[in-house]
Amino acid sequence: MNALRSFWNSPIGPKTTHFWGPTFNWSLPIAAAIDTQKPPEAISGNMTTVMCLYSGIFMRFAWVVKPRNIHLMICHMSNETVQLYQLSRWIRAQRGTELKKEEADE
């Protein structure tokens, strides 16, 4: 009971945005992980690049903010990982499309 009370009243507990921000932010890496089942042609290269930059910036923010927010950092690390995977799928699909066009032109 004492551990629950200390978590409840902590600076990163459920009474703060340091808890609820990362909790709801998990929707981003979860959605990106679900999107890995879609064909790479459905990936937006621009949006995926922006999401990579966003997560990279906010990983740094989560590390330097006081109190340090490890929950937010892990969330953004997960999102960064999945978004980089999606970006690699998109790049491979773009290269494949270019090669097919070149072969068709010949």
Side-chain angles (χ1 to χ4, degrees):
M1 186 66 172
N2 198 18
L4 184 60
R5 183 176 295 124
S6 70
F7 171 67
W8 182 260
N9 293 319
S10 78
I12 57 170
K15 293 199 283 185
T16 68
T17 58
H18 288 285
F19 176 82
W20 291 109
T23 299
F24 287 110
N25 209 17
W26 275 104
S27 63
L28 297 173
I30 290 169
I34 291 169
D35 284 348
T36 61
Q37 305 303 312
K38 293 181 180 177
E41 294 79 23
I43 298 170
S44 167
N46 291 337
M47 188 62 191
T48 304
T49 302
V50 167
M51 291 303 294
C52 287
L53 294 172
Y54 162 78
S55 283
I57 290 167
F58 276 90
M59 274 192 290
R60 167 112 169 84
F61 169 78
W63 186 255
V64 299
V65 70
K66 300 291 181 201
R68 187 168 284 160
N69 197 334
I70 302 299
H71 184 193
L72 182 63
M73 190 167 140
I74 291 170
C75 177
H76 282 296
M77 286 173 68
S78 301
N79 191 41
E80 183 78 15
T81 302
V82 178
Q83 295 296 341
L84 286 172
Y85 172 68
Q86 289 288 75
L87 192 59
S88 72
R89 289 180 62 222
W90 179 78
I91 290 170
R92 282 187 301 232
Q94 295 301 311
R95 286 184 185 161
T97 304
E98 289 174 8
L99 289 175
K100 287 178 186 175
K101 285 181 183 176
E102 288 176 8
E103 289 173 2
D105 290 341
E106 292 175 358

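Each residue takes its place number in the sequence, starting with 1.
- Using cut-offs of 30° and 60° on the angle between ring planes, the pair Tyr54 and Phe58 is tilted.
- A donor-acceptor pair is defined here as one N or O able to donate and one able to accept, closer than 3.5 Å; no such pair exists between the side chain of Asn25 and the backbone of Gly21.
- Val64 and Ile57 fall into different hydrophobic clusters, where Ile, Leu, Val, Met, Phe, Trp and Tyr are joined by side-chain heavy atoms under 4.5 Å apart, directly or via other members.
- Taking a 6.0 Å sphere around CZ of Arg60, one finds it holds 12 or fewer heavy atoms contributed by other residues, nucleotides or ligands.
- A single hydrophobic cluster is not seen to contain both Ile34 and Val82; linkage of ILVMFWY side chains at heavy-atom distances under 4.5 Å, directly or through other members, places them apart.
- At least one side-chain heavy atom of Thr23 sits less than 4.5 Å from a side-chain heavy atom of His71.
- In Met59, the CE atom is crowded: over 12 heavy atoms of neighbouring residues, nucleotides or ligands sit closer than 6.0 Å.
- Side chains of His18 and Leu72 form no contact here, defined as non-hydrogen atoms less than 4.5 Å apart.
- What you find for Cys75 and Pro29 is that their closest heavy atoms are O-CG, 4.0 Å.
- Of the options Ile91, Ile43, Thr81, a side-chain contact (heavy atoms from CB on, under 4.5 Å) to Gln86 is made by Ile43 and by none of the others.
- The side-chain heavy atoms of Trp26 and Ser78, taken from C-beta on, include a pair separated by under 4.5 Å.
- Considering every non-hydrogen atom in both Ala93 and Glu41, the closest pair reads CB-OE2, 4.4 Å.
- How far OG1 of Thr48 is from CH2 of Trp90: 8.5 Å, rounded to the nearest 0.5 Å.
- Using modelled atom types, one side-chain atom of Trp20 and one backbone atom of Pro14 make a donor-acceptor pair closer than 3.5 Å.
- Counting all heavy atoms, side chain and backbone alike, Glu80 lies closest to Gly56 at OE1-N, 3.3 Å.
- Taking CD1 from Ile70 and CH2 from Trp63, the interatomic distance works out to 5.0 Å, rounded to the nearest 0.5 Å.
- Taking all atoms of both residues into account, the shortest heavy-atom contact from Asn79 to Ser55 is ND2-OG, 2.7 Å.
- Residues Ile30 and Met77 share a hydrophobic cluster, clusters being chains of Ile/Leu/Val/Met/Phe/Trp/Tyr side chains in contact below 4.5 Å.
- Atom-to-atom distance recorded for Met51:CE and His76:NE2 is 8.5 Å, nearest 0.5 angstrom.
- A 6.0 Å sphere centred on NZ of Lys38 holds no more than 12 heavy atoms belonging to other residues, nucleotides or ligands.
- In this structure, Cys52 and Leu84 have side chains that are in contact, with non-hydrogen atoms separated by less than 4.5 Å.
- Separating the CG atom in Asn46 from the CG atom in Leu87 is a distance of 10.0 Å, to the nearest 0.5 Å.
- For Gln83 against Ala32, the heavy-atom pair with the smallest separation is NE2-CB, 3.4 Å.
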